[in-house]
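Data block below; observations after.
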Amino acid sequence: MHARLKGLIVDIFKDANLPEIEPQLREIPFEGQMGLALSNLFQIARVSKPDLEKDELKKYAGTLADLIAEKIRNTGDFEKVEAVKGYVNCFFKPQQFTRELLGRILGDGTDWARMESHGGRVMIEYSQPNTHKAFHIGHVRNAVTGASLVRCYRYAGRDTIAANYYGDIGSHVFKALWYLGKYHPDLKDAPDGVAERGKWLGEIYADAQKKLTDSENLLNQVWEILKPLNKILYNAYGSDEATFGLYTLPFNVRGIARNEEDLFEGRSNNDVIKIVDWMASQAKELRRRAGDIRIEPFGDLDWVNADTLLLNLNQIRSQSDYHQRLNRPIEVLDIANRWKIGDPKLLDLYNETRQWSFDDFKRIYNEIGVEFDVEFKESEVEREGLLIAIDLEKQGIVVDSMGAAIVEIDNQLKKRFGEPMQDKYRVLVLVREDGSSLYGSKDLALAKLKFEEYGIDESIYVVGNEQKFYFQQLFQVLRLMGFPQWERCFHLSYELVMLPGGKISSREGQVVLYDDVISELRDRALSVVKEKNPGLDDEIKVKISEIVAMGALIFGMLRVDTNKVIRFDFDEVLDFDGRSAPYIQYAGARAMSILRKAESEGIETPNDIALSDFNRELLPVEIELVKILNKLPEHIIKVVEDKKPFYLTNYAYDLAVKFSDFYHQCPVLTSEETVRRDRLLLVKAVRINIETSLGLLGIATPDVM
RNA sequence: GCGCCAGUAGCUCAGGGGAUAGAGCAACGGCCUUCUAAGCCGUGGGUCGCAGGUUCGAGACCUGCCUGGCGCGCCA
């Protein structure tokens, strides 16, 4: 209809010698009216008569509208055509439109809007949880966003591979393993049960992090003392360092007195302990000989402060757990080294606990209805990542920088593609100074795998907003590597889920766990079901509450734009009224209820459209309902185009609102027979569209609520 | 300092250059002998962050600024 009207208008323009501007058609925005409006007549008027005054222009646009309306009216295709306020409104014949639409919906059910396959193969990578860490509500946002996008892509006819990429190696794993080895040898006190073990591991990581944060704080404390102390020492000793025994120090500790910025730079905690010891002794020595040395006080750092500093430092050093606390990071490094040489005992611990994480993730995915076709692991691409780095070095794309392998991206873009030098993509480090791999090299290996082994043309990464810059870098490096697909790599970034107290952080122990949220939701849902529908079997009640709880969670995570921060409010998520999944599910349940009752009363519920259907004046609510039923496909197309699943939450909600409106205004079963037949058809179509749109979001529609 | 994202009703958010800027929550007032009241109807509530600009027309587009979040070399 859209295309036909457009063609018609183009012809009219031509006949009237109007400029060749594409006519813009939009839906007539009035309630209870169905049709299309030509909306850019002003533009056409302006182009065709550029010199008109404002008022004249309006008048002219009005004349054009009259002219065009007259011609369209003469075709007889529309029920009514009117020119008003510079628009040409073309009203459809709603009966015919409705028959056609409902015929399609009832004919194909939830597949009615499914699109023909087109476009290349796309991989959507999402979820990417780290093993040995807790699965929190932020992970849920990622998972349900990715999963619903996959469903929409497929529905829209795209060959889509859903991929996960587990963070099963890296410093977080070493930290957890360190803590496990130290405080839970042989995993003796680990609980049984998939969920329990997952939770336990998450707590282990949090505890490890707490201890390491404590160490870090201690280090900072020491640093805050050392910094001014260093300055005092340097000022006192100047360049005459030999006199004071600098050379008795280990080589790597030398020179600290010269540059405070580098005091801790690149040093292990072992070094730090040595530095502290040395500084303390030197300060003491200096204090002893203070009478002999001329001190030039600077800033607020005078001798009084130096004495205080020294006192504080010695106080810290004399704490019984001082060494132990500063040693923790060294122990974690030791774990990393044992990992490198493949210590079998450590590997056993790793494999066992990693599996616990995998099992628990699988359990959660199962609950939230998320599936993957391929599951990558960081551990599997690590080696290949290092090889790629070596290869790139041979090609001159990667260069050495203080032992690390880096890509100077802006340089390379200039060199290889002659692009003007800019300071945009900066530097990406692929391999650490110590030769160990980094996320960058692993992602390159993974991308290569995706392009070459899976033959994809398009690659989508569903990853948090904070990694935006990194992905820009990554895609540029893929370009430098000569992958033509680099242009069709897309970072679908989403904002974080924040708590009233700030960022969710498993490091700081400020987390809202998935399990805690969903169990709260289930409890609440169950009590509401019991209250609203006490007559149901207990088993059914539980089933419904499951569906409602999960719907509320998923909808809560999807209902706002991905680039908007979600401030997680428990009360809001628990609220099943208004703009929520339960509201929409309820509309679906009511629709089903009507159909059920019709059947039990022996009323025929038609599956096919007859020419006699909808042969009456439709009520505005009915027309509104038909209009929104028609809009499902365009919403799915938009989701895919913009990669924003939340459009579909808007659609599902709007549909439910319209249906509620209809429900209250239009009795179905008690209506006169032909009207009843029409409305039963409408109700069926509504139920199908609710199921389809919620289904694409990963939300089920219960028959009863 | 530079970059990305956000700023719309008290709060949380929709708004595809087009007709009178809309929902939910919260507040207040109504509607269950009629297909499920997890619903419906009504009332109040807006300098669309600020200032310019483009346009017949700007909440939307452009420029500058303000506020908040995130990022900018060996975490992912």
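Residue numbers start from 1 in every chain, and the chains themselves are labelled A, B, ... in the order their sequence lines are given, proteins ahead of strands. All figures in this text were calculated on a predicted structure; none of them were measured in a lab.
For A/K532 and B/rA38, the shortest distance from a side-chain N or O to OP1 or OP2 is below 4.0 Å. In this structure, A/R676 does not reach the B/rC35 phosphate: none of its side-chain N or O atoms is under 4.0 Å from OP1 or OP2. Taking 4.0 angstrom as the limit, A/N465 places none of its side-chain polar atoms (N or O) nearer than this to OP1 or OP2 of B/rC5. Contact annotation: A/S171 side-chain N/O to B/rC75 OP1/OP2 distance is not under 4.0 Å. Within the structure, a side-chain polar atom (N or O) of A/R46 is placed less than 4.0 Å from OP1 or OP2 of B/rC56. Close to B/rG69, at under 4.0 Å from its OP1 or OP2, lies no side-chain N or O of A/Y494. Remark: A/K442 is in phosphate contact with B/rA76, judged by side-chain N or O atoms under 4.0 Å from OP1 or OP2. For the pair A/R590 and B/rA37, the criterion of a side-chain N or O lying under 4.0 Å from OP1 or OP2 is met. A close approach under 4.0 Å does occur between a side-chain nitrogen or oxygen of A/K564 and OP1 or OP2 of B/rG7.
Rounded to the nearest Å, the gap between the P atom of B/rG71 and that of B/rG10 is 31 Å. Comparing B/rG24 with B/rA9, their P atoms are spaced 16 Å from each other, to the whole Å. The separation of B/rU8 from B/rU12, taken at their C1' atoms, amounts to 12 Å, rounded to a whole angstrom. B/rG46 and B/rG39: their C1' atoms are spaced 28 Å apart (whole Å). Comparing the same atom, P, in B/rC13 and in B/rC70 gives a spacing of 16 Å after rounding to whole Å. As rounded to the nearest Å, B/rU43 and B/rA6 have P atoms that lie 34 Å from one another. Nucleotides B/rC48 and B/rG52 place their P atoms 13 Å apart, quoted to the nearest Å. A gap of 10 Å separates the P atoms of B/rG7 and B/rC61, to the nearest Å.
Both A/I566 and A/D423 sit near RNA chain B, but only A/D423 has its closest nucleotide nearer the 5' end. Heavy-atom distances to RNA chain B give each of A/I544 and A/L496 a nearest nucleotide, and the one nearer the 5′ end belongs to A/I544.
A/V463 comes within 4.0 angstrom of nothing in the nucleic acid, heavy atoms only. Residue contacts shown for A/Q665 are absent, as no nucleic acid heavy atom lies under 4.0 Å away. Using a 4.0 Å heavy-atom distance criterion, A/Q43 is classed as a base contact. Residue contacts for A/D55: at a heavy-atom cut-off of 4.0 Å it reaches no nucleic acid atom on any strand shown. Residue contacts for A/S39: at a heavy-atom cut-off of 4.0 Å it reaches a base atom on one of the strands shown. At the heavy-atom level, A/A61 lies nowhere under 4.0 Å from the strands shown. Backbone-only contact: A/L438 has heavy atoms under 4.0 Å from sugar-phosphate atoms and none from a base. Contact annotation for A/R432: base contact, defined as any heavy-atom pair under 4.0 Å involving a base atom.
Using a 4.0 Å cut-off between charged nitrogen and carboxylate oxygen, A/K644 and A/D561 count as a salt-bridge pair. Ion pairing between a basic and an acidic side chain is recognised when a charged N comes within 4.0 Å of a carboxylate O; A/E634 and A/K631 show no such pairing. With salt bridges taken as basic N to acidic carboxylate O contacts below 4.0 Å, none links A/R524 and A/D571. Between A/K377 and A/D168, no side-chain nitrogen of the basic residue sits less than 4.0 Å from a carboxylate oxygen of the acidic one, so the salt-bridge criterion is not met.
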Just distance, no hydrogens or angles: give the donor-acceptor pairs under 3.5 Å from side chains in residues 586-595 of chain A, sequence neighbours left out.
none

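With B/rA19, B/rC74, B/rC40 as the choices, the nucleotide that has an atom nearest any side-chain atom of A/M402 turns out to be B/rC74. Across B/rA37, B/rA38, B/rA19, the shortest atom-to-atom separation from the side chain of A/V528 is found for B/rA38. Considering only side-chain atoms of A/Y663, the nucleotide from B/rC56, B/rA37, B/rA19 that sits closest is B/rA37. For A/D661, the listed nucleotide lying nearest its side chain is B/rC41; candidates were B/rC41, B/rA38, B/rG15.
For B/rC72, the base adopts the anti conformation, since its glycosidic angle falls more than 90 degrees from zero.
A donor-acceptor contact under 3.5 angstrom links the side chains of A/D443 and A/Y470, judged on distance only.
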Next item on the list: Give the dot-bracket string for RNA chain B, reading 5' to 3', where a pair is Watson-Crick or G-U wobble with both distances under 3.5 Å, ( ) marks pairs inside the strand, [ ] marks pairs crossing earlier ones, | marks a partner on another strand, and . marks unpaired.
Entry: (((((((..((((....[...)))).(((((.......))))).....(((((..]....))))))))))))....
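Here the P atom of nucleotide B/rC35 and the CZ atom of A/R679 are 15 Å apart, to the nearest Å.
Side chains of A/I388 and A/K442 form no contact here, defined as non-hydrogen atoms less than 4.5 Å apart.
Side-chain atoms of A/Y439 and base atoms of B/rA76 include a donor and an acceptor less than 3.5 Å apart.
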Next item on the list: Treat primed atoms plus P, OP1 and OP2 as sugar-phosphate and everything else as base, then score nucleotides 20-34 of chain B 5' to 3': B for base contact with protein heavy atoms under 4.0 Å, S for sugar-phosphate contact only, - for none.
Entry: ---SSS---------
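By the 30° and 60° cut-offs, the orientation of the rings of A/F174 relative to A/W339 is perpendicular.
We find that the ring of A/Y87 and the base of B/rA19 stack, their centres lying under 5.5 angstrom apart and their planes tilted less than 30°.
For A/E673, the CD atom is loosely surrounded, since the number of other residues' heavy atoms within 6.0 Å does not exceed 12.
For the atom pair A/Q472 CD and A/H491 NE2, the distance stands at 9.5 Å (nearest 0.5 Å). Separating the CG atom in A/L553 from the CZ atom in A/R141 is a distance of 12.5 Å, to the nearest 0.5 Å.
Remark: side-chain polar atoms of A/R679 are not paired, donor with acceptor, to backbone N or O of A/S671 under 3.5 angstrom.
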